[in-house]
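The block underneath contains the structure these notes are about, expressed in structure tokens.
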2 protein chains.
Amino acid sequence: MSLRERKKLAAWRAIRTAALQLFEERGFEAVSVEEIAAAANVSRSTFFNYFASKEAVVFDQDPEQRDHWRAIMAARPADEPLWDSLAAILVGFNELLGDRIPLQRRLKDRSPALAQSSWDVVGEQFLTDVREWTASRTPEGDTMIATLQLNMSFAAQTTAYQTWGADESFDDYLRRLKHCLHQAGTGAMSPPASTSPS
Amino acid sequence: MSLRERKKLAAWRAIRTAALQLFEERGFEAVSVEEIAAAANVSRSTFFNYFASKEAVVFDQDPEQRDHWRAIMAARPADEPLWDSLAAILVGFNELLGDRIPLQRRLKDRSPALAQSSWDVVGEQFLTDVREWTASRTPEGDTMIATLQLNMSFAAQTTAYQTWGADESFDDYLRRLKHCLHQAGTGAMSPPASTSPS
DNA sequence: CAGAATTTTGGACTGCGTGCAAATATGTAC
DNA sequence: GTACATATTTGCACGCAGTCCAAAATTCTG
């Protein structure tokens, strides 16, 4: 790893930690990009060299994390049913994010702007990667069914996130995620009536 | 309907038609709010009185439409399974939107900014209304399962939209939407292998 | 150490979205 | 219709996100 690369990574992390710190202290909207840059000892321009937008600094993942989830994807056996793979990938991804998710949650709760950022939890990069991965594992004519399963797995993820009560732990969240994935897998209308656990 | 209300509606429509016209001619990004306001014979301030953002003018629905989809929601029998209701509501909503959807599609295809607006197809208002409707029909402990079904129905909608080929008609899109809803209802992993129709 | 390649920086610029107070239009009561 | 209350429109100023570009600064290569 060359000096350049090390410095790049360091700058990326300096910006992100500075930003998150400020966001936690004063809320997303109340912090300007200028302030973030200043806190990270970088120019405003440099901030935009690393992050496409102010929101990206909340949702983008550490470059090293990216390698991890790519490994997770690559590890799925080629003959595994798509849905099972997607479920495993999403769970793995969430475990990977770990304690960063609560932070995102805290910020979102306080910020209208962040609240309706298209990307919840899963950042832009992961979305792109998992789309690509799905496409690579989908035979010619099945692209619709594959897209549907992909979107359904995200629906499960979103649901777990949305119904994550303020008093619940991260493990509770993970459990619910798995439950939602299972439920989505077996079908939305499978239970004729009340089948809500825990 | 008072004069005020009639004028309001007229202004709303004037702004939207002017905006859509300009967007079609020159693309979403290339048109400024000032230009839209000018084309609609209104001040810039007034534009923001009616639309919360430049994007909202693409996704917000005509106030009268809102009454229509509310009627659709109200018409669902109280004892119908949630999933069936949601499916019917979404189909009804899309039929209602009708030829406006292709327009949105055309704009989105040309505009990166629009492309990743959180709201695809279904605008903010419909989202809010259908959330509220769902909540009103959900017993105390079933909020997670209800949220999941809601999100899954949107996943089906999104999928139909994403896989809508440029050469396909609006009816093809509607057909695919129904198919996706059915598929999502019976479960993501139901087909062990290739089961893609048409 | 010299020159190529990449990154950082500052500065100017466009345009969205907000806030506010003055002007204008509509509704209401007499 | 005149007078007053209420709602809407308008202009103006402001902050700030995001883009572009050319000049510095830094790292890489030999």
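Just so we're clear, the structure is a prediction, and the values are computed from it rather than from any experiment. Chain identifiers are assigned alphabetically (A, B, ...) following the order of the sequence lines, protein sequences preceding nucleic acid strands; residue numbering begins at 1 within each chain.
Within a 6.0 Å sphere centred on CD of B:Glu140, other residues, nucleotides and ligands contribute 12 heavy atoms or fewer.
Relative to the ring axis of A:Phe28, A:Arg110 does not place its NZ or CZ within 45° and under 6.0 Å from the centre.
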Q: Tell me, with the steps shown, if A:Ser169 and A:Asp172 meet side chain to side chain donor-acceptor pair (under 3.5 Å).
A: CA-CA 5 Å; A:Ser169 70; A:Asp172 290 332; 3.2 Å; yes
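One interatomic measurement links the two molecules: CZ of B:Phe51 to C1' of C:dG15, which rounds to 19 Å at whole-angstrom precision.
Using a 4.0 Å cut-off between charged nitrogen and carboxylate oxygen, B:Glu80 and B:Arg137 do not count as a salt-bridge pair. One finds a salt bridge joining B:Glu64 and B:Arg13 here, because a Lys/Arg side-chain nitrogen approaches an Asp/Glu carboxylate oxygen to under 4.0 Å.
Within residues 2-11 of chain B, the residues that place at least one heavy atom under 4.0 Å from DNA chain D are, in residue-number order, B:Arg4, B:Lys8. Looking at residues 12-49 of chain B, you'll see B:Val42, B:Ser43, B:Ser45, B:Thr46, B:Asn49 sit with a heavy atom under 4.0 Å from some atom of DNA chain D.
Under a hydrophobic-cluster definition in which Ile, Leu, Val, Met, Phe, Trp and Tyr are linked whenever side-chain heavy atoms come within less than 4.5 Å, directly or via other members, B:Val57 and B:Leu9 are assigned to different clusters.
A:Trp69 and A:Phe126 have perpendicular rings, their planes meeting at more than 60° on a 0 to 90° scale where under 30° would count as parallel. Taking the six-membered ring for Trp and thresholds of 30 and 60 degrees, A:Trp12 and A:Phe51 have ring planes inclined between 30 and 60 degrees apart.
The shortest distance between the side-chain N/O atoms of A:Tyr50 and the OP1/OP2 oxygens of C:dT8 is below 4.0 Å.
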